[in-house]
There are 2 protein chains.
Amino acid sequence: MRHLCMPHGLESAVLPKFEALVVAGRKVRAGEPLYFPGDRFQSLYAVRSGSLKTFVTNREGREQITGLRLPGEALGLDGIASGVHALSAVALEDSTVCTLPYSALKELGRESTAMQERLHQVMGEQMNRESAQMIVLGAPAAESRLASFLLDVSQRNGLRGYSQSEFRLRLTREEMGSYLGITLETVSRSMTRLRKLGLIEVNAKEIRITDIDGLREVSAVVSRKHDRTGH
Amino acid sequence: MRHLCMPHGLESAVLPKFEALVVAGRKVRAGEPLYFPGDRFQSLYAVRSGSLKTFVTNREGREQITGLRLPGEALGLDGIASGVHALSAVALEDSTVCTLPYSALKELGRESTAMQERLHQVMGEQMNRESAQMIVLGAPAAESRLASFLLDVSQRNGLRGYSQSEFRLRLTREEMGSYLGITLETVSRSMTRLRKLGLIEVNAKEIRITDIDGLREVSAVVSRKHDRTGH
DNA sequence: CGTTTCTTTGATCTACTTCAAGGGGAGTGG
DNA sequence: CCACTCCCCTTGAAGTAGATCAAAGAAACG
């Protein structure tokens, strides 16, 4: 469990203190919120089991998905800037999260360089993940967006020791579409096309990647040429 | 100048130390890089004058713009996670930046709570800015993307005491398009449409917002209905 | 099991891309 | 100071990927 709450790079000296800090895992049922926009930011979370989505809801009530959090990943950073959460976080299935009170985290950061660095690193990763997503959204076509997304999930699964080639994606087609900037129908059709290309197998939410290199190729295709930069 | 290098919320006690830390402003000529992907991450930067773009270049040499940095804004965070910069940063015009060595920044953070919080805040703002951009890219149509972008720049200008209604945008149409996920032609056409709606005046790179509320309306329009969420 | 929600697939429509061509504006060199 | 060049921007015309509308099948859930 400590494993999932703040995995890499912590020197053993701080570990006991760190563990004392972690509030016992909290359960979040499928469909239930972990936090809402406007909630006071008090803690970071780490997903221990299950998965959650983050999103904003606009005036018209449209849900724009901004992220998917898998086991071992951090959650809640969106509150750091203003002290108030900017996003909604809702469980996609029955899940558990560790709670890391921010005040204690800050204190530990002042005591231990490694702890401070680890915290910065987590934030930095979050930033980089978001720019990467901007890149996906910025240019290419629907099919390659979906391919990028599947590769991303696969890779993140692998990072924590789960299967890279087979996983269950709890997002609906509509949620994926929202995340990828396309409609649910286009998600569905792209899924079918990838399946017919022999790159993946799909069984409802169960995804199996059968040709990861092929998928990488699709994800790299810049079908919107968009591209007279010529550098 | 201290003003632009780390403005809000620093208690006076740390200020002298902080100022000692800031390496004298560095000049970057129009078109010149501040850093490249792969460069070792050693410092954060704050734009003092001018403006810069950040971007990644993909295999095919396409430049995908990920951000625009105006005076008073932080730059370089993309290196925190891995110790190596992930993006390119290039000046759009003759600019100056302050250099804030990261190691010293960390140290100061350990000494002063305010300093630590300020650093976290800067990172948090960066994250939130990026999710906001994902939202722009995720759903609506070209015209509202452009409107959102202009409003964003306007608001950021206002935040630092510059004019909210009139500014010079050094990005080319192609760069804006890349940032917004549309082609340069569509940027141009959308610009024309906003002009004909009486919302902005355009003179090459000079932008004047004449009807900010109208612009807000356009930015909120969800023309791709995309939207059967019905929450 | 029946009801609701999600997914797939088809048919049409449209906004944006692509291709193309002309018109500045800024900088450079004569 | 003009002429030349290089970019960048604008606008037009045509093609297309993806949105929208629609309907039926498949899971999920109580």
Side-chain angles (χ1 to χ4, degrees), chain A residues 29-32 53 62-63 65 92-94 136-147 168-178 180-196 200-207 218 221-231, chain B residues 29-31 53 62-63 65 92-94 137-147 168-178 180-196 200-207 218 221-231:
Chain A
R29 292 293 181 90
E32 281 182 0
K53 63 176 173 179
R62 226 187 81 249
E63 213 175 79
I65 306 286
L92 293 167
E93 59 192 301
D94 292 353
V136 170
L137 290 173
E143 206 166 310
S144 62
R145 291 189 193 186
L146 181 60
R168 182 161 204 158
L169 247 189
R170 305 316 258 260
L171 293 169
T172 66
R173 300 289 184 256
E174 179 164 35
E175 287 165 334
M176 283 186 242
S178 167
L180 297 172
I182 54 186
T183 57
L184 70 156
E185 293 94 332
T186 302
V187 171
S188 181
R189 281 187 247 267
S190 303
M191 209 74 116
T192 305
R193 242 171 292 145
L194 294 180
R195 187 160 46 70
K196 287 188 177 158
I200 60 175
E201 286 169 17
V202 183
N203 192 328
K205 311 244 173 203
E206 214 67 60
I207 309 277
V218 171
V221 169
V222 183
S223 90
R224 295 186 185 175
K225 277 263 166 20
H226 202 236
D227 187 341
R228 268 146 291 162
T229 318
H231 272 287
Chain B
R29 291 295 181 89
K53 63 177 174 179
R62 227 187 80 249
E63 214 176 79
I65 307 287
L92 293 168
E93 58 193 300
D94 292 352
L137 290 174
E143 206 167 311
S144 61
R145 290 189 194 186
L146 180 60
R168 182 161 205 157
L169 247 188
R170 305 316 258 265
L171 293 170
T172 67
R173 301 288 184 256
E174 179 163 35
E175 288 164 334
M176 284 187 241
S178 168
L180 297 173
I182 53 186
T183 57
L184 70 155
E185 294 94 332
T186 302
V187 171
S188 180
R189 282 188 249 265
S190 303
M191 209 74 117
T192 305
R193 243 172 292 145
L194 293 180
R195 187 160 48 69
K196 287 189 176 156
I200 60 174
E201 285 168 15
V202 184
N203 193 331
K205 310 243 174 204
E206 214 66 61
I207 309 277
V218 172
V221 169
V222 183
S223 89
R224 296 186 186 175
K225 278 262 164 21
H226 202 238
D227 185 346
R228 268 145 292 164
T229 320
H231 275 288

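Convention: sequence-line order gives letters A, B, ...; per-chain numbering from 1.
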| task | Have a look at the helix from dC1(C)-dG30(D) to dG30(C)-dC1(D) and give the angle its two end axes make, five pairs each, rounded to 10 degrees. | result | 50°
| message | Looking only at the side chain of Ile182(A) (C-beta and beyond, no hydrogens), which of the listed nucleotides dG12(D), dG10(C), dA19(D) gets closest? | response | dA19(D)
| query | Counting only side-chain N and O atoms of Thr172(A), is one of them less than 4.0 Å from OP1 or OP2 of dT5(C)? | reply | no
| field | Between CG on residue Leu169(A) and CD on residue Glu175(A), distance to nearest 0.5 Å | value | 10.5 Å
| query | Within the side chain of Arg173(B), is there an N or O that forms a donor-acceptor pair under 3.5 Å with the backbone of Glu185(B)? | reply | no
| said: Side chain of Thr186(B) only, heavy atoms from C-beta on: which candidate in dT11(D), dT17(C), dG18(D) is closest? | reply: dT17(C)
| remark: Protein heavy-atom contacts under 4.0 Å, written 5' to 3' over nucleotides 25-30 of chain D as B (base), S (sugar-phosphate only) or - (none), form the string ---S--
| Of the candidate nucleotides dT9(C), dC16(C), dT18(C), which contains the atom at the shortest distance from the side chain of Arg195(A)? | dT9(C)
| For the side chain of Leu184(A), counting heavy atoms from C-beta on, which of dA11(C), dT7(C), dG12(D) is nearest? | dT7(C)
| message | It should be established whether Arg189(A) places a side-chain nitrogen or oxygen under 4.0 Å from OP1 or OP2 of nucleotide dT9(C). | response | no
| query | Are Thr183(A) and dA19(D) close enough that a side-chain N or O sits under 4.0 Å from OP1 or OP2? | reply | yes
| Glu63(A) bridged to Lys53(A) by N-O distance under 4.0 Å | yes
